[in-house]
Amino acid sequence: KSCLQSLQRMGFSERLCREVAEKNNYNFLKSALALYDPKNDFEITFDNMKKMIAIHLRLEAQMPVIVLGPTGCGKTWLVEYYASLVNCKFSIMKVHGGVTEQEIIKFIETVETDYSLNQNQSIVCFFDEIN
């Protein structure tokens, strides 16, 4: 039941939530979620859906999220897709060995400024490739 409530809090229609909960219908879920995909290039699986719900619940509780996985497994796409589903701005910083503390501070200040100018839209701030 908490997954169903999370889908509803994420803005999914009651019909979609009911179909998923009652019928456990993967094809319906996939076709319905395609309506929410502005890029229409992300493969929806139940595993991806569970991960997005987990991300949503943590962010709703104002907790940071760490997404772990090997290179190329889709971590960035998953979080970017989640942001598009819930109509959040997606801000990304690729953090590599040459990134300085000042660059990270400047990125955070830019995100904070963006938010202060438009508090009606949340921002997902994503630090990518941190090793």
Side-chain angles (χ1 to χ4, degrees):
K1 189 167 184 169
S2 66
C3 286
L4 175 61
Q5 291 169 342
S6 296
L7 284 170
Q8 289 172 328
R9 283 196 306 256
M10 288 169 70
F12 294 110
S13 72
E14 184 179 332
R15 177 174 177 252
L16 170 64
C17 296
R18 190 175 53 253
E19 289 284 337
V20 172
E22 292 175 1
K23 297 179 182 174
N24 201 23
N25 187 336
Y26 175 73
N27 289 329
F28 180 83
L29 173 64
K30 190 172 179 179
S31 64
L33 288 179
L35 300 173
Y36 295 92
D37 185 2
K39 297 178 180 186
N40 201 25
D41 62 356
F42 188 77
E43 181 65 28
I44 298 298
T45 64
F46 278 114
D47 187 53
N48 287 340
M49 198 65 208
K50 288 189 302 187
K51 289 175 184 173
M52 285 189 286
I53 290 169
I55 289 168
H56 182 75
L57 292 174
R58 287 188 67 89
L59 292 176
E60 196 175 64
Q62 299 183 356
M63 298 172 69
V65 177
I66 298 175
V67 182
L68 299 173
T71 301
C73 73
K75 298 175 296 293
T76 303
W77 277 109
L78 179 75
V79 176
E80 185 175 10
Y81 183 82
Y82 164 78
S84 70
L85 283 176
V86 295
N87 196 29
C88 287
K89 181 177 179 184
F90 181 73
S91 295
I92 184 170
M93 179 178 196
K94 297 203 180 280
V95 180
H96 51 77
V99 173
T100 66
E101 179 181 348
Q102 286 303 86
E103 290 171 313
I104 294 171
I105 291 169
K106 183 174 179 173
F107 172 74
I108 292 170
E109 288 172 345
T110 301
V111 170
E112 287 176 335
T113 300
D114 286 351
Y115 181 72
S116 67
L117 293 173
N118 186 9
Q119 292 185 4
N120 294 330
Q121 184 177 31
S122 296
I123 299 174
V124 173
C125 181
F126 189 74
F127 294 94
D128 200 8
E129 304 297 330
I130 295 178
N131 292 321

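These values consider heavy atoms only, across backbone and side chains, with no hydrogens, waters or symmetry-generated copies. Being a predicted model, the structure only gives us computed values, none of them experimental.
- Sequence neighbours left out, the pairs with a member in residues 120-131 that pass salt bridge (charged side-chain N to carboxylate O under 4.0 Å, His left out) are Lys94-Asp128.
- If you take CG on Leu59 and SG on Cys88, they are separated by 8.0 Å, rounding to the nearest 0.5 Å.
- To the nearest 0.5 angstrom, Glu112 atom CD is 12.0 Å from Leu117 atom CG.
- Taking 4.5 Å as the limit, some side-chain heavy atom of Ile66 sits within range of a side-chain heavy atom of Leu68.
- With rounding to the nearest 0.5 angstrom, the OG atom of Ser84 is 9.5 Å from the CH2 atom of Trp77.
- Looking at Leu78 and Ile55, their side chains come closer than 4.5 Å, going by heavy atoms from C-beta outward.
- The cluster map of Ile, Leu, Val, Met, Phe, Trp and Tyr, joined by side-chain heavy atoms under 4.5 Å apart, puts Ile92 and Tyr81 in the same cluster.
- The CD1 atom of Ile104 lies 12.0 Å from the CD atom of Glu109; values are rounded to the nearest 0.5 Å.
- Remark: Lys89 pairs with Asp114 by the salt bridge (Lys or Arg N to Asp or Glu O under 4.0 Å) rule, at least two apart or across chains.
- Between Glu103 and Val99, the closest heavy-atom pair is OE1-CA, 3.2 Å.
- Qualifying ring-ring contact (aromatic ring centres under 6.0 Å, His included) partners for Phe127, counting only residues two or more places apart in sequence or in other chains: Phe107.
- Contact check for Phe90 versus Ile123: no side-chain heavy atoms found under the 4.5 Å cut-off.
- Using a 4.5 Å heavy-atom threshold, the side chains of Met93 and Ser91 count as separate.
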Determine, step by step, whether Val65 and Val79 satisfy the side chain to side chain contact (heavy atoms under 4.5 Å, CB included) criterion, reporting the C-alpha distance in whole Å, the side-chain angles of both residues, the deciding distance to 0.1 Å, and the verdict.
CA-CA 10 Å; Val65 177; Val79 176; over 6 Å; no

